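Just follow the structure's listing: the first ligand is 1, and inside any ligand the first atom is 1. We're numbering straight along the sequence, starting at 1. Reckoned from all heavy atoms, side chains included, excluding hydrogens, waters and symmetry mates. If you're wondering where the values come from, they're calculated on a predicted model, not measured in any experiment.
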Amino acid sequence: MRGKKVVVLTGAGISAESGIKTFRDNDGLWENYRIEDVATPQAWQADPELVWKFYQARRRQMKEVGPNPAHEALARLESELDDFTLITQNVDDLHERGGSLSIIHMHGRLETLRCEKSGQIEVRMSDEDLEDDFLFCNCCAESSRVRPDIVWFGEMPMQMDEIYDAIGSCDVFIVVGSSGHVYPAAGLASAARLAGAQTILVNFEMPINGYDFDEVHLGKAGEILPKLVEKWLAE
Ligand code: APR
């Protein structure tokens with residue numbers, strides 16, 4: 001792995017052992033809600049209060065959990081490699097708290113909020129920012145309501161140019177904890193492979209795009225990723 005250009009994509013599975021629920025396990029619901037009722041622009045328009053309270057609960061929950069050994073293993077990999085890009089679909093800050101320095105949050109972040117008028121984002125994580133009432137921006141002359149800084153279904157993921165640049169030129173592409181259901185993220189493994197990269201998967205179970213990987217490691221990321229990282233760095 002040393003001397004190679006490495007790109008990693010993470011999904012909800014990497015945060016599962018920290019106590020954050022994944023999206024598509026078990027009952028098909030996300031924290032008791034249907035995804036379309038809380039994670040679409042239509043839901044925000046139809047019932048902003050429900051959507052706001054849902055995300056405020058996610059923001060509060062994030063403060064109560066911590067990174068696990070899988071997050072820390074990726075931070076170690078970053079610190080040892082010269083050319084490393086971490087892309088996450090996760091909106092939590094566990095990669096940051098696990099020690100990763102540079103992270104592309106393609107589906108947005110929970111810790112920032114976005115002005116509905118100007119689109120500017122602000123980090124808003126103080127105690128008074130975590131209650132159920134709507135919050136208003138600090139950027140407009142007449143303060144506007146803010147929305148979660150999240151990429152909802154039907155919206156464009158963030159930093160896609162950077163992501164495709166990294167994918168198109170990498171030697172190794174590693175996916176950790178993602179079910180392969182949501183595009184464009186789910187298509188990155190096949191894009192990397194087409195561009196000539198070796199593709200590696202670390203996931204609890206075989207995802208629907210499992211055939212896109214040259215190497216598959218099934219199990220809990222917190223248990224198997226730290227060992228894999230040590231092995232990769234020793235090679
Ligand atoms: N270690 C490794 N993998 C795990 C673990 C674990 N401890 N626990 C669960 N997994 C796996 C599951 O088997 C599943 O394949 O992680 C995957 C999680 O899949 P999803 O819940 O579908 O999460 P993800 O792929 O990140 O979802 C993509 O969908 O709802 C949207 O925007 C949201 O970013 C999210 C996107």
Side-chain angles (χ1 to χ4, degrees), residues 8-44 51 54-55 57-59 61-62 65-74 86-95 98 103-112 114 147-160 163 173-190 199-213 215-229:
V8 177
L9 170 72
T10 64
I14 197 168
S15 294
E17 287 157 80
S18 293
I20 297 184
K21 273 198 181 168
T22 59
F23 299 93
R24 290 175 187 78
D25 296 340
N26 309 322
D27 51 8
L29 296 180
W30 183 24
E31 302 278 1
N32 300 321
Y33 289 89
R34 296 189 317 155
I35 288 177
E36 52 273 39
D37 290 341
V38 289
T40 60
Q42 292 78 5
W44 177 242
V51 174
F54 176 80
Y55 278 99
R58 306 279 71 73
R59 281 157 46 78
Q61 177 195 40
M62 184 169 80
V65 301
N68 68 58
H71 296 103
E72 287 157 9
L74 290 183
L86 176 58
I87 305 164
T88 187
Q89 298 168 86
N90 298 343
V91 294
D92 63 55
D93 62 357
L94 295 179
H95 281 304
I103 303 141
I104 297 177
H105 278 275
M106 68 183 292
H107 291 164
R109 290 194 288 162
L110 284 170
E111 65 177 330
T112 45
R114 194 190 314 160
R147 56 162 273 181
D149 187 26
I150 299 292
V151 176
W152 285 322
F153 281 90
E155 296 183 321
M156 188 68 83
M158 296 171 179
Q159 296 176 265
M160 286 311 293
I163 291 174
F173 180 65
I174 304 165
V175 174
V176 184
S178 185
S179 66
H181 278 93
V182 174
Y183 283 81
L188 296 178
S190 91
T199 52
I200 302 176
L201 173 78
V202 177
N203 206 59
F204 188 65
E205 59 196 0
M206 201 60 157
I208 54 167
N209 62 344
Y211 49 79
D212 286 329
F213 296 92
E215 206 180 299
V216 171
H217 303 271
L218 297 183
K220 290 189 173 180
E223 290 170 10
I224 60 181
L225 193 58
K227 292 180 201 144
L228 282 170
V229 165

| query | Would V91 and Y55 count as a side-chain contact (heavy atoms from CB on, under 4.5 Å) if you check the C-alpha gap in whole Å, the side-chain angles of each, and the deciding distance to 0.1 Å? | reply | CA-CA 11 Å; V91 294; Y55 278 99; 5.6 Å; no

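- In terms of polar-atom proximity, defined here as any N/O pair under 3.5 Å, A12 does make such a contact with ligand 1.
- Here R114 does not pair with E155 in a salt bridge; the nearest charged N to carboxylate O distance is not below 4.0 Å.
- Considering CG of L86 and CD1 of I174, their distance stands at 10.5 Å, rounded to 0.5 Å.
- The proximity of T22 to ligand 1, defined as any non-hydrogen pair under 4.0 Å, involves the side chain as well as the backbone.
- Counting heavy atoms under 4.0 Å from ligand 1, residue A16 touches it through the side chain alone.
- Residue G219 places a heavy atom under 4.0 Å from ligand 1.
- Distances between N or O atoms of F23 and those of ligand 1 include at least one value under 3.5 Å.
- Ligand 1 has an N or O atom lying under 3.5 Å from an N or O atom of F204, backbone or side chain.
- The closest approach between E205 and ligand 1 falls below 4.0 Å for a heavy atom of the residue.
- Close approach to G177 involves these atoms of ligand 1, each under 4.0 Å from a residue heavy atom: 3 (N), 16 (O), 17 (C), 18 (C).
- On a distance-only criterion, E17 and ligand 1 share at least one N/O pair closer than 3.5 Å.
- Checking only distances, N203 does come within under 3.5 Å of ligand 1, N or O to N or O.
- Within the 4.0 Å heavy-atom criterion, both parts of Q89, backbone and side chain, lie near ligand 1.
- Note: L74 CG to I103 CD1 = 10.0 Å, rounded to the nearest 0.5 Å.
- Here the straight-line distance linking atom OG1 of T22 with atom CD1 of I14 works out to 13.5 Å at 0.5 Å rounding.
- The heavy-atom pair separating E17 from E223 by the smallest distance is OE1-N, 3.9 Å.
- Judged by distance alone, the side chain of S18 and the main-chain N or O of V65 form no donor-acceptor pair under 3.5 Å.
- Atom CG of L201 is separated from atom CE of M206 by 7.0 Å, given to the nearest 0.5 angstrom.
- Checked by distance only, ligand 1 and V202 stay at 3.5 Å or farther apart across all their nitrogen or oxygen atoms.
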